[in-house]
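Have a look at the structure below before the remarks.
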Amino acid sequence: MTKLLIENISKSFGENQVLDQLSLRVKEAEFVSILGPSGSGKSTLFQLIGGLYSPDSGAISLDGKRINGKTGSISYTPQSPSLLPWRTVLGNILLGGEIVGETDHALALQMIDKAGLKGYENAYPYELSGGMKQRVAFIRSLLSPQSLICLDEPFSALDEFTRLEMQNWLLSVWEEDKRAIMLVTHNIEEALYLSDRIIVLSEKPTHVKKEFVVPFPRPRQASILLSEEFLNWKKKIYNELRVIM
Amino acid sequence: MNIWHKGWRPVLVLILLFVVWEVSCRLFEIPRWLLPSPSQIVLEGAEGWSNYYHHLTATIGLTILGFLIGASVGIAVAVGLHLLPRLREAVYPIIILSQNVPIIVLAPLLVIWFGFGILPKIIVITLVCFFPITVATLDGFKQTSSELSHYMKMAGASKGQIFWKLEWPYALPSIFSGLKISATYSVMGAVISEWLGAKEGIGVYMTLASSSFRTDRVFVAIFLIMILSLVFFTLIVSLERMIVKWKPKGDGKGRD
């Protein structure tokens, strides 16, 4: 079943055409990564899905309903954790639900516990490390009522160790939750390790260049990161990206 | 401990200043009506307590009332202008201009218009108070992080939700900067407004003292005004500490 359907959307800001006839689809319970060179309009794509702007042409639909220019349909986690500094961890996590008017205290506390943040419920964001903040932002996303989660380079600001740890944690949470996730990244390894499908974008004006279906079985084991097959896939996608860049 | 650590330098300078003042007064035998020595001022301050304490309470009452009204007007104006950008474009320059009208000139006019009651006095304090608050609050609203407001919009937040959940708390530290400035101004405003014609108040005490060449009392009044301003400032600072709890304390740095 199709969750998100994007059909031939184009978007220009003044003279600058960012998206050109871009089409893609995300299925129910699917983890899709969007790979593309920097400045390829990935963030613009999210802002269109999120309804901050309307596309100049084309249609975006979620669960068969048109959501062009309509905010509040996706659960979005921006590049930086974007936590409200005056809210505690718990308060930040409840924010997504609060905006639509439904909060689940017990579930929030349970998720905090599962994320290894027990004891930090009442801590303010300034008291947390980078990885912890990111985790809070994820839980906020997961607890938001929307059925599609969009992650905009969520791991880019983390160091290598924290990143791998966070990826594993995200995978383990997602295996249980099985919501549709769209992840924007410029890290090939990350895309391969996490997703079911990888969509490679072209340079500006952006359209979909190529699609790969990732064959690795779930649940993913960290050991595949060093397997021959993984490296071959990495090479293949790298070559695809190199042509663009 | 901490205050003593940082504060001993200005305290030392202050003490030195008083010593030089005291010694000069005695050495050059300056008459009391021209420039009283610090010891004479302190003596008058202590002995004259019953003379001026009702003036002091009157001024404190007027300052608090005026400050509360001025601060409310300041915040209300800022919120209004923030929510109505068109109005803001039209009114903002006029608000800045209003600050160039000398209060001392305006004050007697206010008496002609509104009489000797409390109204013209409140208007003077409000005029002095609201400007720093309005400007600081508007600045705070404007500085709201675009990343956070993107997040709120994408999550489907309404205009009201964005205001109450994001812009208002984001502006709170700026609002407090404005309040701190206004708190000290409001004492000055109250004293000026008392010059207009009040029955009691530090302003009245000061006018009486200077017209009867009681220069020592004028200085007592000056020090009272300074102490009052400092007390109001400290009150606002502690209120800020109570409300704005999400800022790192101490060295001003978080964990990462």
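Reminder, nothing fancy here: chain letters follow the sequence lines and each chain counts from 1.
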Using ring centroids (six-membered ring only for Trp), state whether [Y] and [X] fall under 6.0 Å.
X	Y	value
A:Phe31	A:Trp174	yes
A:Phe13	A:Tyr53	yes
A:Phe155	A:Phe138	yes

Apply salt bridge (charged side-chain N to carboxylate O under 4.0 Å, His left out) to the pair A:Lys42 and A:Glu153, showing each step before the final yes or no. CA-CA 10 Å; A:Lys42 290 172 290 189; A:Glu153 297 185 22; 3.8 Å; yes

What is the distance from atom OG1 of B:Thr59 to atom CD1 of B:Ile64, rounded to the nearest 0.5 Å?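 Reported to 0.5 Å precision, the distance equals 11.0 Å.
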
Under a 3.5 Å cutoff, is there a donor and acceptor pairing between the side chains of [X] and [Y]?
X	Y	result
A:Thr2	A:Arg25	yes
A:Thr44	A:Lys11	no
A:Ser33	A:Ser195	yes

For chain B, which of [options] has the most heavy-atom pairs under 4.5 Å?
options	value
A:Cys150, A:Pro145, A:Gly72	A:Gly72
A:Gly96, A:Ser82, A:Ser73	A:Ser82
A:Thr71, A:Ile74, A:Val100, A:Ile99	A:Ile99

Just by modelled atom types, is the A:Lys65 backbone N or O under 3.5 Å from a matching donor or acceptor in the A:Asp63 side chain? no

Any donor and acceptor pair, going by atom type alone, linking the side chain of A:Lys70 with main-chain N or O of A:Arg66 inside 3.5 Å? no

Within [range], residues adjacent to chain A where the heavy-atom gap is under 4.5 Å:
range	value
residues 134-148 of chain B	B:Glu147, B:Leu148
residues 77-101 of chain B	none
residues 149-177 of chain B	B:His150, B:Tyr151, B:Met152, B:Lys153, B:Met154, B:Ala155, B:Gly156, B:Ala157, B:Gln161, B:Lys165, B:Leu166, B:Pro169, B:Tyr170

Is the NE2 atom of B:His54 crowded by more than 12 outside heavy atoms at less than 6.0 Å?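 Check passes, neighbour count above 12.
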
Might you confirm whether atom CZ of A:Arg197 has over 12 heavy atoms from other residues, nucleotides or ligands at distances under 6.0 Å? yes

Which atoms of [X] come close to chain B, meaning under 4.5 Å heavy atom to heavy atom: side chain ones, backbone ones, both, or neither?
X	answer
A:Gln146	side chain
A:Pro78	side chain
A:Ser75	neither
A:Ile49	neither

Which residues share a side-chain contact (heavy atoms from CB on, under 4.5 Å) with A:Lys204, sequence neighbours left out: A:Asn16, A:Val18, A:Thr206

Shortest non-hydrogen contact from A:Arg135 toward A:Ala115: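 A:Arg135 and A:Ala115 have their closest heavy atoms at NH1-O, 2.9 Å.
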
Candidate pair A:Leu151 and A:Leu170, rule side-chain contact (heavy atoms from CB on, under 4.5 Å), full reasoning: CA-CA 11 Å; A:Leu151 306 172; A:Leu170 178 65; 4.0 Å; yes

Stepwise, does the salt bridge (charged side-chain N to carboxylate O under 4.0 Å, His left out) test hold for A:Arg179 with A:Glu28? CA-CA 7 Å; A:Arg179 223 181 304 183; A:Glu28 197 87 58; over 6 Å; no

